[in-house]
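Read through the structure below, which is laid out as structure tokens, and then see the notes.
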Number of protein chains: 2
Amino acid sequence: MVAILPGMREPTFLILTALAGAPLHGYGVIRQVAEHSGGRVTLSAGTLYAALDRLTGEGLVEASGEEEVDGRVRRYYRLTPAGGAALQAEAESLRRNADLATRRLAAWSPHPA
Amino acid sequence: MVAILPGMREPTFLILTALAGAPLHGYGVIRQVAEHSGGRVTLSAGTLYAALDRLTGEGLVEASGEEEVDGRVRRYYRLTPAGGAALQAEAESLRRNADLATRRLAAWSPHPA
DNA sequence: GGCAATATAGCGACCATCGACATATGCCAC
DNA sequence: GTGGCATATGTCGATGGTCGCTATATTGCC
């Protein structure tokens, strides 16, 4: 299997992370991401719905039924097995990169001259 | 100080990481990044030199002298204090994101099809 | 009556990255 | 002795994910 998303961007990563745990509808994802990041990342609607379409097309996310609440339609999405695998692979890649940077920074002196 | 680069992309992150430790010239950065990532990431020249210009303009990287080796000019770059701080902040962000995803994936069952 | 929150979606613009190209030197094989 | 590869720097056009703005509709609060 090819790594479909090398260099996944942060918003995409956080969307997949939000869907790992329980299916959510679009607006729920936005709130979840904001909560997870402590308000640091606020997904715009454009980013979110475009990403959900793209990820659905890539098979990392799939529709999980609709629901009508107070006259508003909710479209639910959930991670596919491929989506879970992609998220895990990306998480490991991030951790490796973070550890590498931290290790090198530890031995780094700001302007040695 | 403001976090200049929220949502830094992977190539940019790896360039800064390569420069944390010792000043390098462009081509040296390309080799270092390839080595660090085990060949997973091979920076194209376009990405590298554009990024160095951009990062220099943002004050995260600075020129560190030139050298002529075998008739070929080497332009060295090094991390600025601001660059080190930005890299560290980004590394911590990556680790938080990776940990969050891993935690949620642990409690996730790939839907029983 | 207006404004915020909920909920979905399209559209134009931005910009980091990529791939291809350009240029030049040193070295090794054929 | 020429063709190819590694070294070394850079430009340029295309791609594509994200952002900001806009549109639409309902509920609830002041």
Side-chain angles (χ1 to χ4, degrees), chain A residues 3-16 18-19 23-35 37 39-58 60-61 63-77 86 90 93 97, chain B residues 4-16 18 23-35 37 39-58 60-61 63-77 86 90 93 97:
Chain A
I4 303 189
L5 290 172
M8 191 190 297
R9 301 236 212 324
E10 197 184 16
T12 300
F13 182 85
L14 293 175
I15 289 169
L16 292 182
L19 291 177
L24 279 178
H25 60 283
Y27 194 75
V29 171
I30 294 179
R31 282 185 304 187
Q32 187 92 4
V33 167
E35 189 191 327
S37 66
R40 193 175 55 85
V41 178
T42 9
L43 293 179
S44 69
T47 302
L48 192 266
Y49 293 105
L52 285 177
D53 285 350
R54 177 170 37 91
L55 294 171
T56 299
E58 285 166 346
L60 303 187
V61 156
S64 176
E66 310 197 356
E67 186 188 14
E68 189 169 325
V69 177
D70 293 330
R72 284 185 287 266
V73 180
R74 282 180 172 178
R75 283 180 238 285
Y76 280 83
Y77 296 89
E90 186 70 13
S93 175
N97 285 348
Chain B
I4 303 188
L5 290 172
M8 192 189 297
R9 299 235 218 320
E10 197 184 18
T12 300
F13 182 85
L14 293 175
I15 289 169
L16 293 181
L24 280 177
H25 60 283
Y27 194 75
V29 171
I30 293 179
R31 282 185 304 188
Q32 188 92 8
V33 167
E35 191 191 326
S37 66
R40 194 175 56 84
V41 179
T42 8
L43 291 180
S44 70
T47 302
L48 193 265
Y49 293 106
L52 285 177
D53 285 350
R54 178 169 36 91
L55 294 170
T56 299
E58 285 166 345
L60 303 188
V61 156
S64 177
E66 311 197 357
E67 187 187 13
E68 188 169 324
V69 177
D70 293 330
R72 284 184 288 267
V73 181
R74 283 180 173 178
R75 282 179 238 286
Y76 281 82
Y77 295 90
E90 186 70 13
S93 176
N97 285 347

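Proteins get letters first, then strands, A, B, ... in listed order; numbering begins at 1 in each. In this text, all values refer to a predicted model and were calculated from it rather than measured experimentally.
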Q: Indicate whether OP1 or OP2 belonging to D:dA8 is found under 4.0 Å from a side-chain N or O atom of B:His25.
A: yes
Q. OP1, OP2 of D:dA6 versus side-chain N and O of B:Arg31: anything below 4.0 Å?
A. no
Find the distance [X]:[atom1] to [N]:[atom2] and express it as a whole number of Å.
X       : N      : atom1 : atom2 : result
A:Arg74 : C:dA5  : CZ    : P     : 16 Å
A:Gln32 : C:dT6  : CD    : P     : 14 Å
A:Leu24 : C:dT6  : CG    : C1'   : 15 Å
A:Tyr27 : D:dA25 : OH    : P     : 19 Å
B:Glu68 : D:dT7  : CD    : C1'   : 13 Å
A:Leu52 : C:dT8  : CG    : P     : 9 Å
A:Arg40 : D:dT18 : CZ    : P     : 14 Å
B:Leu48 : D:dA8  : CG    : P     : 12 Å

Q | B:Ala18 to B:Val29 - nearest heavy-atom pair and separation | A | CB-CG1, 4.2 Å
Hey, what do you get for [atom1] ([X]) to [atom2] ([Y]), rounding to the nearest 0.5 Å?
X       : Y       : atom1 : atom2 : value
B:Gln32 : B:His25 : CD    : NE2   : 10.5 Å
A:Glu10 : A:Ile15 : CD    : CD1   : 11.0 Å
B:Thr12 : B:Glu58 : OG1   : CD    : 8.5 Å
B:Leu24 : B:Leu52 : CG    : CG    : 10.0 Å
A:Thr56 : A:Tyr77 : OG1   : OH    : 5.5 Å
A:Tyr49 : A:Leu43 : OH    : CG    : 10.5 Å

**Q.** Side chain proximity check, B:Leu16 to B:Met8, heavy atoms < 4.5 angstrom
**A.** yes
Q | Close side-chain approach of A:Ser93 to B:Arg40, heavy-atom, < 4.5 Å | A | yes
Q. What does B:Val73 touch in the nucleic acid at a heavy-atom separation under 4.0 angstrom: a base, only the sugar-phosphate, or nothing?
A. sugar-phosphate
Q. In B/S/- notation, 5' to 3', how is nucleotides 13-26 of chain C contacted by protein heavy atoms closer than 4.0 Å?
A. ---SSBB-----BS
Q) When the C1' atoms of the five terminal pairs at each end define the local axes, what inter-axis angle does the helix from C:dG1-D:dC30 to C:dC30-D:dG1 show, to 10 degrees? A) 0°
